[in-house]
Amino acid sequence: MKISIQTVLDLLHSIIKPISPEIVIHLQRTALISWYLANKARLPEQEICEAYLAGMLHDIGALDKSRADLALASESFLDGHEASGAAMTAGIRFLQPVTQIIEHHHLEWMDGSPLNLPLIHHLVHMADSFELYLHRVDGNYIAQREEIVNGFLSGNKKWPLELVDALIKASQQDGFWFRLGNPEPERVLQTISPLHEEFLGREDFLEVCLLISKIVDKYSSFTQTHSTSVAHVAEKLSELYGYDTEMQQRICIAGYLHDIGKLFIPLSILEKHGRLEAVEYARMKLHSYKTLVMLEQFEELGRIVSWAANHHERLDGSGYPFGLVAAELDIPSRILAVADVFTATTENRPYRRGMDTEKAIAILMEESANGRLDRDIVGLLIHNIGVVKPLVAMC
């Protein structure tokens with residue numbers, strides 16, 4: 001399995017978008033500006049890639065439901081988001097070159113004292129600041145390009161001369177402003193991205209899925225623990241079933257991604273203390289379909305998409321979103337369904353305490369006896385509960 005870094009970024013942005021479409025647009029436009037500045041400053045190709053990558057992710061630490069209604073440039077929105085972003089990307093190998101940039105992308109540069117940070121840090125800071133400055137601009141960018149650039153550069157912040165020169169050179173090109181003004185910046189990025197030919201393998205993509213879990217956790221207090229637990233239980237069940245390492249990892253990825261559709265469900269429903277009303281339950285059921293919609297645009301994921309989306313389907317056709325039956329549900333889909341039920345019954349939720357293992361097993365046995373869950377996979381879990389259970393507990 002190979003997946004381009006640009007595709008991974010597109011996936012991350014598709015997950016962030018239901019939380020805050022404003023942040024996604026800001027990240028995309030900051031990446032575009034970073035790419036222009038890096039090229040005009042004649043940075044090495046690797047640093048151009050890193051500047052673009054950092055621009056695409058620099059504000060992910062602000063993905064917190066408590067900031068949802070705050071202005072992008074407000075003090076409350078910005079407070080602590082750099083450290084949070086660095087913590088979210090720490091440990092993800094392909095993001096190591098930009099983790100420090102994310103952590104310090106608001107650190108000021110002072111004339112004659114660059115604070116020992118490489119130029120690329122200040123480049124991303126400038127791109128971020130310039131994108132926010134453009135929010136104040138009304139009317140056509142090109143008609144007032146000199147006023148815009150002069151107004152920005154005469155502000156309180158100081159910038160390295162190389163970056164001032166790079167911004168002036170970029171601003172002299174009409175294409176720079178046309179692209180910034182495009183209402184679909186993701187289409188622009190597909191054209192200019194330097195990361196289409198940079199690929200990740202399965203293990204690196206697994207690390208990205210952990211980042212996705214952290215992003216989802218910023219939205220809902222319990223979902224990340226659930227997704228991580230489902231991923232580990234599903235991976236262990238696939239090993240017990242006899243699948244090879246590659247297949248185990250793919251099923252684990254499906255576990256990490258299976259609940260991303262919950263980002264479209266209001267927190268008032270996700271975190272309700274008490275039984276859901278019929279209308280609320282109907283809204284909650286939408287999440288598995290939304291998982292499908294979010295993932296099916298990424299062809300590289302292959303069958304992972306259906307495995308993730310099928311976690312609420314049942315062998316007797318009583319599940320959702322499509323009421324699939326046994327003949328339509330492959331083994332990985334069945335594994336995800338068992339892992340999801342087991343994890344959901346044993347973990348704490350806002351509205352109830354988790355069940356003990358014996359009660360959870362009783363539910364699994366009943367569901368398999370009724371022909372809703374796969375009897376063999378339920379049996380694998382029950383007969384290996386000592387191996388599977390710690391994986392849930394550790395999450």
Side-chain angles (χ1 to χ4, degrees), residues 3-14 16-17 22-60 72 85 89 94-106 109 117-135 137 141-142 145 148-149 152-153 157 159-200:
I3 186 167
S4 77
I5 293 179
Q6 182 58 46
T7 298
V8 170
L9 294 173
D10 292 338
L11 174 60
L12 285 168
H13 280 188
S14 75
I16 297 169
K17 197 168 186 175
E22 293 81 8
I23 287 181
V24 171
I25 292 174
H26 172 63
L27 293 174
Q28 291 169 337
R29 284 171 37 118
T30 298
L32 173 62
I33 297 167
S34 296
W35 180 82
Y36 265 100
L37 292 177
N39 276 281
K40 295 304 180 184
R42 299 185 179 278
L43 296 186
E45 184 176 346
Q46 184 59 36
E47 290 189 25
I48 293 174
C49 292
E50 290 173 6
Y52 175 87
L53 180 58
M56 289 284 273
L57 296 175
H58 71 284
D59 273 349
I60 61 168
L72 280 176
T89 58
F94 89 96
L95 292 180
Q96 289 309 293
V98 301
T99 295
Q100 189 183 38
I101 300 173
I102 291 171
E103 185 174 12
H104 298 302
H105 72 271
H106 281 290
W109 181 89
L117 287 177
L119 183 69
I120 191 172
H121 288 70
H122 304 295
L123 183 153
V124 175
H125 184 193
M126 174 184 267
D128 177 32
S129 300
F130 187 65
E131 200 286 323
L132 293 173
Y133 180 83
L134 290 175
H135 292 197
V137 177
Y141 285 156
I142 292 179
R145 72 177 90 195
I148 293 172
V149 173
F152 172 74
L153 294 176
K157 295 177 181 177
W159 306 104
L161 291 178
E162 304 99 305
L163 297 183
V164 171
D165 183 59
L167 179 60
I168 291 172
K169 287 179 178 177
S171 72
Q172 292 169 348
Q173 293 186 354
D174 290 351
F176 173 71
W177 300 106
F178 288 143
R179 284 171 164 166
L180 276 174
N182 192 314
E184 297 180 305
E186 63 276 3
R187 295 174 67 92
V188 175
L189 297 182
Q190 290 301 321
T191 300
I192 64 100
S193 173
L195 300 178
H196 286 301
E197 301 302 321
E198 300 285 335
F199 294 94
L200 300 181

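Computed from a prediction, not measured in an experiment: that's the story for all the values here. Position 1 is the first residue of the sequence; numbering continues from there.
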Got a second to check how far L9's CG is from L57's CG, nearest 0.5 Å?
5.5 Å
What closest approach, in Å, do A166 and A41 show between heavy atoms, and which atom pair accounts for it?
CB-N, 3.9 Å
Between L37 and V124, is any pair of side-chain heavy atoms under 4.5 Å apart?
no
Under 3.5 Å: donor-acceptor pair, side chain of T30, backbone of L27:
no
Between OG of S4 and CG of L195, what distance do you get to the nearest 0.5 Å?
8.0 Å
Aromatic rings F152 and W159: how do their planes relate, parallel, tilted or perpendicular, breaks at 30° and 60°?
parallel
Quick one: list whatever passes salt bridge (charged side-chain N to carboxylate O under 4.0 Å, His left out) with E197, sequence neighbours left out.
none
Can you find a side-chain donor-acceptor pair between Q6 and Y52 that sits under 3.5 Å?
yes
Between H104 and H122, is the side-chain hydrogen bond (donor to acceptor under 3.5 Å, both in side chains) condition met? List the steps.
CA-CA 9 Å; H104 298 302; H122 304 295; over 6 Å; no
Taking the side chain as everything from C-beta on, heavy atoms only, tell me whether L132 gets closer than 4.5 Å to S129.
no
Do I3 and F199 make a side-chain contact, defined as non-hydrogen atoms from C-beta onward lying under 4.5 Å apart?
no
Side chain to side chain contact (heavy atoms under 4.5 Å, CB included) between W35 and L189: does it pass, once the steps are laid out?
CA-CA 10 Å; W35 180 82; L189 297 182; over 6 Å; no
After noting the C-alpha distance and the side-chain angles of L43 and L123, does the key distance pass the side chain to side chain contact (heavy atoms under 4.5 Å, CB included) rule?
CA-CA 11 Å; L43 296 186; L123 183 153; 3.8 Å; yes
If the test is side chain to side chain contact (heavy atoms under 4.5 Å, CB included), which one of H13, R29, M56, E186 qualifies with V24?
H13
With the side chain counted from C-beta on, respond yes when R42 and E162 share a heavy-atom pair under 4.5 Å apart, and no when they do not.
no
To check you understand the geometry: which heavy-atom pair defines the closest contact between S34 and A51, and what is its length?
CB-O, 3.5 Å
Show me the side-chain donor-acceptor pairs of residues 169-179 shorter than 3.5 Å, one per line, residues at least two apart or across chains.
unit_1 : atom_1 : unit_2 : atom_2 : d
K169   : NZ     : D165   : OD2    : 3.2
S171   : OG     : L167   : O      : 3.4
S171   : OG     : I168   : O      : 2.7
D174   : OD1    : R145   : NH1    : 3.2
D174   : OD1    : R145   : NH2    : 2.5
W177   : NE1    : S171   : O      : 2.7
R179   : NH1    : Y36    : OH     : 2.9

Counting C-beta onward and ignoring hydrogens, is there a side-chain heavy-atom pair between E103 and T89 closer than 4.5 Å?
no
Would you please test L95 and V98 for side chain to side chain contact (heavy atoms under 4.5 Å, CB included) and show each step?
CA-CA 6 Å; L95 292 180; V98 301; 4.1 Å; yes
Looking at Y133 and I148, what are the two nearest heavy atoms and their distance?
CE2-O, 3.4 Å
Could you tell me whether the side chain of H105 reaches within less than 4.5 Å of the side chain of D59, counting heavy atoms only?
yes
Mind checking the CD1-CG spacing from I101 to L117? Nearest 0.5 Å is all I need.
9.5 Å
Quick check for you: to the nearest 0.5 Å, what is the distance between T7 atom OG1 and H196 atom NE2?
8.0 Å
Would a 4.5 Å heavy-atom cut-off, applied to side chains only, mark E131 and H135 as touching?
yes
Value for CD1 (I120) from CD1 (I48), rounded to nearest 0.5 Å, stands at 9.5 Å
From L180 CG over to L32 CG, what is the distance, rounded to the nearest 0.5 angstrom?
5.0 Å
May I ask you to check whether H125 and H106 place their ring centers less than 6.0 Å from one another?
yes
